[in-house]
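These notes are about the structure you will find just below.
Residue numbers begin at 1 in each chain, while the letters A, B, ... track the order of the sequences.
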There are 2 protein chains.
Amino acid sequence: MTGERPIRLAIVDDDPLVRAGLRILVGGSPDIEVVAEAGDGAEAVTAADAHWPDIILMDIRMPRVDGLVATRRIRSREGAPQVIVLTTFDADEYVLEALRGGASGFLLKDTPPREILAAVRSVASGAATLSPTVIRRLIDHVADPEAGTRRARARARLADLTEREREVAILVGQGHSNAEIAGELGMSLPTVKGHVSRLLSKLDLNNRVQIALLVHDAELL
Amino acid sequence: MTGERPIRLAIVDDDPLVRAGLRILVGGSPDIEVVAEAGDGAEAVTAADAHWPDIILMDIRMPRVDGLVATRRIRSREGAPQVIVLTTFDADEYVLEALRGGASGFLLKDTPPREILAAVRSVASGAATLSPTVIRRLIDHVADPEAGTRRARARARLADLTEREREVAILVGQGHSNAEIAGELGMSLPTVKGHVSRLLSKLDLNNRVQIALLVHDAELL
DNA sequence: CGCCTTCCGCACGGATCGCTCAGGATGGCG
DNA sequence: CGCCATCCTGAGCGATCCGTGCGGAAGGCG
């Protein structure tokens, strides 16, 4: 990697001291070159357009336009630079919002300098880098025990249905009427009714909406 | 960390060669001690009970009981050991299922030996460790633009509803009948019908199931 | 084969849903 | 005040849904 052209880096932080620190940090690495700095999100967007960096180190809490919004704006273009969020706050909302906005990294400011540089290189080569606590947050978020067991329970209840019944249940879950289902599955309307009726009784439900909700909990799409 | 008692490690893989390789790898690290080995998921569960390791390196594809099921079983107990999944396959399903099952690590088998050891130590000290490609997968999953915008779109459609209409919509989304809604909100049955009817027309839908699905997309629970 | 079980299919009736039309209450505006 | 707009409320009626009952096809078993 060091034999290639240097990585073009932009630094975005409202605190001049932080920017200076990062600049000095990068100064020791000939394979990384600081091509732009910005003090808020608005400047960041224009700087990204003007200097086409490979990577942007982005703070979140900044005046005018914050880093999350700036990230989304920058990443919405084709061939946009990669964004690594670098902040003191690892609140769940921030992490998810940043990653959804297109960030490829999320580092806390207590990250050792060496690892910040490593993250820049790693993201430049296509990977993603997150601080350990951020990874933990992300895992907890997808692991969401509630959602997991709800799906499992729903699947269990749907387990001993006939193949035909399951097909009908899924179409009910899509919001189709009995007539539509009849057409879709090639059977008569009263037959569909029969299946729906059996579904209600087997699953101990009161109406088709509850069938639909159960199907969605089971994630049969 | 090296001054403490050694990390108790269990190795679970159906391939004796892989187990041997890992054993030799760990052999060079005095701070890690292999206390158990297992060749399938069932053995893994009993071994975890018998030897209470701190960390388990777990393969996924194994005869009888696979690593995902074994992970879930082991992690369902109090004070269970941490599990690091170590596999060649990084399919989305595997990653999510493993993390939901309680795994604290997910490494691909092409991970350099040094980093496997680092991951063991890191997880032992409470952090989580994922291979870069796995992190990428995880990010893509939470970033899922579809889910994010679906919620946003659903909210937008529900935005210009009356307060009363929204209340009715939510109860429809819970699977309640019109009569139940009437009781719940203290109005007459025909009134509820009127609201539902207006909901269908305003939202351009065909039946109450679709209202329910929209409410759930908007996450109004 | 005869018997049983399970599933699919269908028809009828009562219950529920969904549409249309309309009255009444509130608030803004000239 | 008169007028309009918006919202909540309600009644009548046709369409759809849901429950019950029944017949037929397919498979297991003595």
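- The nearest whole Å value for the distance from the CG atom in A:Asn178 to the P atom in D:dG19 is 11 Å.
- Residue A:Leu189 is out of contact with every strand shown, counting any heavy-atom pair closer than 4.0 Å.
- A 4.5 Å side-chain heavy-atom check between A:Phe106 and B:Ile139 finds every atom pair outside the cut-off.
- At the heavy-atom level, B:Ser177 lies under 4.0 Å from the strands shown only through sugar-phosphate atoms.
- Rounded to a whole Å, the CD atom of A:Gln210 is 10 Å from the P atom of D:dC18.
- Here the side chains of B:Leu200 and B:Arg208 are not in contact, with every heavy-atom distance at 4.5 Å or above.
- In this structure, CD on A:Glu165 lies 10.0 Å from CD1 on A:Ile211, to the nearest 0.5 angstrom.
- Comment: A:Glu97 does not engage A:Arg100 in a salt bridge, judged by the lack of any side-chain N to carboxylate O separation of less than 4.0 angstrom.
- Remark: B:Asp140 engages B:Arg136 in a salt bridge, criterion side-chain N to carboxylate O under 4.0 Å.
- When rounded to the nearest whole Å, the span between CG of B:Asn207 and C1' of D:dT16 equals 10 Å.
- Between the A:Asp54 side chain and the A:Arg8 main chain, a donor and an acceptor come within less than 3.5 Å of each other.
- The footprint of chain B on DNA chain C, defined by a heavy-atom cutoff below 4.0 Å, extends from C:dC17 to C:dT20.
- Counting only heavy atoms from C-beta outward, the side chains of A:Arg77 and A:Val45 approach each other to under 4.5 Å.
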Pick out the pairs of N or O atoms, protein on one side and nucleotides 4-8 of chain D on the other, that lie under 3.5 Å.
residue: D:dC8; atom: OP1; partner: B:Arg164; partner atom: N; Å: 3.1
residue: D:dC8; atom: OP2; partner: B:Thr162; partner atom: OG1; Å: 3.2

For this session: Evaluate the criterion side chain to side chain contact (heavy atoms under 4.5 Å, CB included) for residue pair A:Gln174 and A:Glu180; output intermediate values, then yes/no.
Result: CA-CA 11 Å; A:Gln174 317 271 30; A:Glu180 289 169 341; over 6 Å; no
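- If you measure from atom CG of A:Leu199 to atom P of D:dC17, you get 14 Å, rounded to the nearest angstrom.
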